[in-house]
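When reading the values below, keep in mind they use all heavy atoms of this one structure, side chains included, and skip hydrogens, waters and symmetry mates.
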Amino acid sequence: MLFLGVYDPSSSQFEPSEIEELKHAISRQSDDKRHLVLAENFALITIDFGPTGGALVIENDLGHVGMVVGRPYLNMDNAGTDANILIKALKNRDVEALTLVRGSFCGICFDKRSKSLMLCTDKVGVFPIYIAKVGNRIYFSNALRMLRSITKIPKKIVPEHMFSQLAFGYCLARDTIFAGIDRMYGGELIEIAASTMHINSYWRWDDIKPSHYSENELQERIYQAFIDAVKIRVEPTPAELSFLSGGLDSRCIVAALRNIDRPVWTLNFAPDGSQDHLFGRLAATALGSHHYELGLGRDSFSKRQRKILDSWASAHPELVKRGVKAHRVWSGDGGSVGMGHVYLDHAFIQLLREKKIQAASEYLMKHRKLGIPLGMLRSDVKHEAESRPLEKMTREMQSFTPEDDGKSGLLFFLMNDQRHHLSNYFEDLDLYQFEVVLPFFDSVLLELIVAAPIDDFLLHTFYNKWLAKFGPAISTVPWQAYPNHVPCPIYSEEYGKLRYQWNEDWFDKAENDRKLQEKLGEWRRMLARNGFPKQILAKNKLWLAYWLTRLKIRDYTYILDAAKEIIFFNDDTH
């Protein structure tokens, strides 16, 4: 489910050393089986993790090389058939066919006769394609770390892009941290031939016309679209695996699976004593799923996910033997932004409707506490660091032209936050090798949401009403609600004092102390290393932040973590 390719119209073949470099760059696991497709002017390296890593379909004939990663759904047939249909659409440049696909995927097609390369992303761009242009040569991959490993690709940081990365957690639009490396946008089709590159949008969310359903009809239509999104993603196995936290998104997935009579094993890896842990367990009982818990510490999210999948498989070898896919798991990613409109509120929407886009951007950055810890920066770059993210956000929201100007905010997060939500998952896919099933990113579902009146969805208002469509079991036990959103109506204090996901004490003191000691070691090595980016960071201030944090005089973790991110991207050894 990983790929790394190169296209060069000026070079009919590549040196063996170049191919070896591609093979080395695609994965950090030496024993991963790499597959090479070579054609004149073109080379493609892929790794298919099979049942543990999602879907990768390659078609290589006399005229074309086609490839699809992910699960494109055109109908109720199997994913392989749909992937072949998508490859055919790319061969024929059939844009109309692309508009009908509702899954999460990316695809490529190289025409051996015309020496042209086609690249496409799904409508949100959840499955990434990164592109680097070096002279006539085009490199493309589905993880940025691969392109960082290619010696011929310059890795020059663009400060403006870095400041966006630090402020938002991701770069905006097609930007990456590096000059000359872009990430494809959602709903995008790129054709590259000789010295030309044509970028086209086969899908624009702001072209969707507003709908005017009654509240009950809208709830029913969105419920049926969600059920369909779940049905087409079900595979013929004895049972499904699904993450189940204490929130609503994963709970809706499990409820939908149970409503279509699928046996489900639910997995929870939240710490004991948290709302996430207890509410997940209660929801599993109410929904009738088999439940498996594994309390895990503060490792990376993907690492914790893989740990619980491995643990479940070790505990249930008989189910694995019967065909349960132990590393294919349903996930609620995308639900909070799509269904819950989590980052939006009425004041922000009103500013957009008044066409005060910069004021709306300022409001959002202030209320979401977005921005950069300026104390770590040299004084001569502070102004740019403070102003550039706001300018980039404003320009990005101005690029959307929906009939209701208020929806520019939703589209901003859909095409930026959500497009990057699984970036770390793809960057580490070679290490953890599991597949996530993502019904909340289904484009038919999202189309109904984008067309609906946005005011009705703010603060999880519509979401909470919509729960009734799943039947009574889903709302018989409490769930963890977002701060300042519609609260859970079920009395939960009877369960005692539980740690809250967005509070610093979600993990217990011992686990937080362990993580701090680990971080202190990382920060110390960071500050002592050669090649420190003195052109951006103020090293003396960071040492002061380090000692104040270590001595527990004041917590500057956020500053030191941000500095570490700058240094990570500044380091060409990764």
Nearest heavy-atom contact between L352 and G406 is CD1-O, 3.6 Å

Does the distance from a Lys or Arg side-chain N to an Asp or Glu carboxylate O, for D175 and R183, drop under 4.0 Å? no

Would D428 and K303 pass as an ion pair if we require N to O under 4.0 Å? no

Under the 6.0 Å and 45° cation-pi test, does R328 pair with F434? no

What I want to find out is whether R137 reaches E18 closely enough, with some N-O distance under 4.0 Å, to be called a salt bridge. yes

Matching residue for Y343 among F348, F413, Y363 - test: ring pair (Phe, Tyr, Trp, His ring centres under 6.0 Å): F413

Would a distance-only check, ignoring hydrogens and angles, find a side-chain to backbone donor-acceptor pair under 3.5 Å from R145 to A25? yes

Between W523 (side chain only) and A563 (backbone N and O only), is there a donor and an acceptor less than 3.5 Å apart? no

Quick check on side-chain hydrogen bond (donor to acceptor under 3.5 Å, both in side chains): which of E396, K392, H421 does N416 satisfy it with? E396

Could you tell me whether D405 and R353 have a side-chain N and a carboxylate O separated by less than 4.0 Å? no

SB check E386 K382 (cutoff 4.0 Å): no

Hey, what do you get for CZ (F426) to CE (M146), rounding to the nearest 0.5 Å? 10.5 Å

What pairs meet the salt bridge (Lys or Arg N to Asp or Glu O under 4.0 Å) rule with one or both residues in residues 337-346, with sequence neighbours excluded? none

Run the salt bridge (Lys or Arg N to Asp or Glu O under 4.0 Å) check on D182 and K133 step by step: do they pass? CA-CA 9 Å; D182 296 324; K133 191 173 188 299; over 6 Å; no

R395 with E160: basic N within carboxylate O range, under 4.0 Å: yes

Do E518 and K515 meet the salt-bridge criterion of a basic N to acidic O distance under 4.0 Å? yes

Kindly say whether the aromatic ring centers of Y139 and Y130 come within a distance under 6.0 Å. no

Specify the closest pair of heavy atoms between A132 and I153, including all atoms of both residues, with the distance to one decimal. CB-CD1, 3.8 Å

Any cation-pi pair here, R174 with Y185, using under 6.0 Å and within 45°? yes

Check against side chain to side chain donor-acceptor pair (under 3.5 Å), D122 and W203: CA-CA 9 Å; D122 62 66; W203 184 266; over 6 Å; no

